[in-house]
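One structure is given below, encoded as structure tokens.
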Amino acid sequence: MYTTPIRKGRNPIEHQKRSSQGRRAMEELSELERVRREKMQAIREAGMPPFPHRTHRTHTTQQAIAAFEEAGEDEQIMVAIAGRLRSIRKMGKSTFAHVEDEHGKLQIYLRLDELDEDRMKLFNEYVDLGDFVQAEGTMMRTRSGEITLKIADFSMLAKAITPLPAIKEEVVDGETVVHHAFRDPEARYRQRYVDLAVNEEVREIFRSRARIVTAIREFLDERGFLEVETPILQPIYGGAAARPFTTHHNQLHQDLYLRISFELYLKRLLVGGFERVYEIGRDFRNEGVSYKHNPEFTQIEYYIAYADYNDVMELTEQMVGFIAQQTTGSSKIEYQGQRIDLSPPWKRIQLREALMEFADVDIQDHPTVDSLRKLMLERGHEPRQGSSRGQLIESLLVNYVEPKTIQPCFLYDYPRDISPLAKSKVGDPQTVERFEGFVAGFELCNAFTELNDPFDQEQRFLEMGRDYDVEDEECHPMDEDYLQALRYGLPPCGGFGMGVDRLVMLLTDQANIREVILYPHLRSRE
RNA sequence: GCGCCGUUAGCUCAAUUGGCAGAGCAGGGGCCUUUUAAGCCCAAGGUUACAGGUUCGAUUCCUGUACGGCGCACCA
């Protein structure tokens, strides 16, 4: 919203002068901002710097309250707190306000008898909602019972030049009711700092998110997994079916892709001798956005040697149950009004059976694309031209089965042609050992017994349209180095990937992925 | 990418078949020494997202643009 682009050829100092006097000149400021700038000047002239360098804080608001409660009502407890003013009630010769720091609020009480008259005037005339202040005094309890800091002195820590949205809170039967909130989603995402500053429940979502990521690490670290980091800038992208973002390295004259998954780099590490590895990081997919898709999103992938997709299923239900327990206190949660029990074991259904039950189709009766397409057309679907049999099956899964999967479940045994990195089932080359976990009507994770046969893998790549002849720009190149790695020997292994943002949605009861990403992608406003 | 809906004061929202654009909170000036959605009095605050069109007259009707929300599509 407030950017000062530096133009080529302009002296930066000259530019700074111009920007401070230019567009945001006093006459163009809103009344609210003009008044605050004048107050800033006035407080400076009164000898109180509006942006001082040092803070004196002895207690957080919560520590101050705890100290008062421990010491007893008659004890004179001196504290100095720091935080942002979130409410002010002026009553002539006394003033009440709330100071908020990261973990709570404390009421402060300024009273002419206790405070120098000039100081009192300074507060009442020049201090605003949103300012950061430090305040020191003694703890007390008001007539209405609220633990309060009676102020002997205060000073400004950072003057707020732009006013925060006015939020009022009322406590009714122990519940906090918020009046006049800051709710416009666009404004909230574009100025997340304002959203966080005034909406405590938003801060809480991101605390939960941090706990969830910590719990993932705790679960895997305890089981001997090694956390690693692999390239985000990749010359050949792979590991998922998604369009990539492209970029370019100027000095190396090299086109690069932002990764769409970690898979191929992580499995190379198993070739190298690590047996259990994982990565938590960002993937980038150049596709549509929706309530469950952001162009960049956080993924957890792990690979475990000497294991197959059955082992991974067990680990998955244990992991998700553990994370829920650690972060919400229970493996039974409520999501968008539905009660969901994440405790293991989760229901397991073969994909074929699920389609029989929910879509009334036995895919074994339709071994060809044409046969399945004909059936879907009869049912009123219009599959996209050129869809493979596997893609048709996936479309049935997405439309009929996924919305029904409220309680957690695993669908397993997927079509080969949509799973080029998964190992075939013994005796059934058209089906692979792959599963997806579903909860609350959306896909949470995807996993399989990894394909470690270099000859089969090369064949799969060729079927996916990869080519050794990369002279054609349109042609997706063969990942020869990955095949080379497999030729050195990849131990039998299981692999797993899960969208962390979706897990956070589930565990914080949020219906939109943008609510769990601090800075979700939005179009620029020009 | 397609469809539907939305955009009014710093924030949250009004505006009666098309007839001077309003309120609460915040902000400004007063009163008020235990308030807590503090209260009372006064004054102020707007290119109704943007650009066109229809009309004597448009926040309201039409077209387009931008951004957003929801749904669909896309998403090994």
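In what follows, chains are A, B, ... by sequence order, proteins preceding strands, each numbered from 1.
Considering only side-chain N and O atoms, A:Lys39 lies under 4.0 angstrom from the phosphate OP1 or OP2 of B:G28. One finds no side-chain N or O of A:Arg243 lying less than 4.0 angstrom from the OP1 or OP2 phosphate oxygen of B:C75.
A gap of 10 Å separates the P atoms of B:C25 and B:A38, to the nearest Å. To the nearest whole angstrom, the two P atoms, one in B:G24 and one in B:G39, are 12 Å apart.
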Enumerate the protein-to-nucleotides 37-47 of chain B contacts in which both atoms are nitrogen or oxygen and the separation is below 3.5 Å.
| from | atom 1 | to | atom 2 | distance (Å) |
| --- | --- | --- | --- | --- |
| B:A37 | O4' | A:Glu169 | O | 3.4 |
| B:A37 | N7 | A:Glu170 | OE1 | 3.4 |
| B:A37 | N1 | A:His179 | ND1 | 3.1 |
| B:A38 | OP1 | A:Lys168 | NZ | 2.2 |
| B:A38 | N6 | A:Lys90 | O | 2.9 |

Atom pairs, protein N/O to nucleotides 69-72 of chain B N/O, distance under 3.5 Å:
| from | atom 1 | to | atom 2 | distance (Å) |
| --- | --- | --- | --- | --- |
| B:G69 | OP1 | A:Arg514 | NE | 3.4 |
| B:G69 | OP1 | A:Arg514 | NH1 | 3.3 |
| B:C70 | OP1 | A:Asn512 | ND2 | 2.7 |
| B:C70 | OP2 | A:Arg514 | NH1 | 3.4 |

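Counting atom types as modelled, A:Ser94 pairs no side-chain N or O with a base atom of B:U34 as donor and acceptor under 3.5 Å. A donor-acceptor contact under 3.5 angstrom links the side-chain atoms of A:Arg111 to the base of B:U33. With hydrogens and angles ignored, no donor-acceptor pair under 3.5 angstrom links the side chain of A:Glu146 to the base of B:U35.
Rounded to an integer number of Å, the gap from CZ of A:Phe245 to P of B:C75 is 16 Å.
Among the nucleotides B:U35, B:C75, B:G68, the one closest to the side chain of A:Arg190 is B:G68. Across B:G27, B:G68, B:A76, the shortest atom-to-atom separation from the side chain of A:Met464 is found for B:A76.
When the shell of 6.0 Å around CD of A:Gln76 is examined, it contains 12 or fewer heavy atoms from other residues, nucleotides or ligands.
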CA sep, side-chain torsions, deciding dist, call: A:Lys39, A:Asp128, salt bridge (charged side-chain N to carboxylate O under 4.0 Å, His left out):
CA-CA 9 Å; A:Lys39 288 180 175 178; A:Asp128 289 300; 2.6 Å; yes
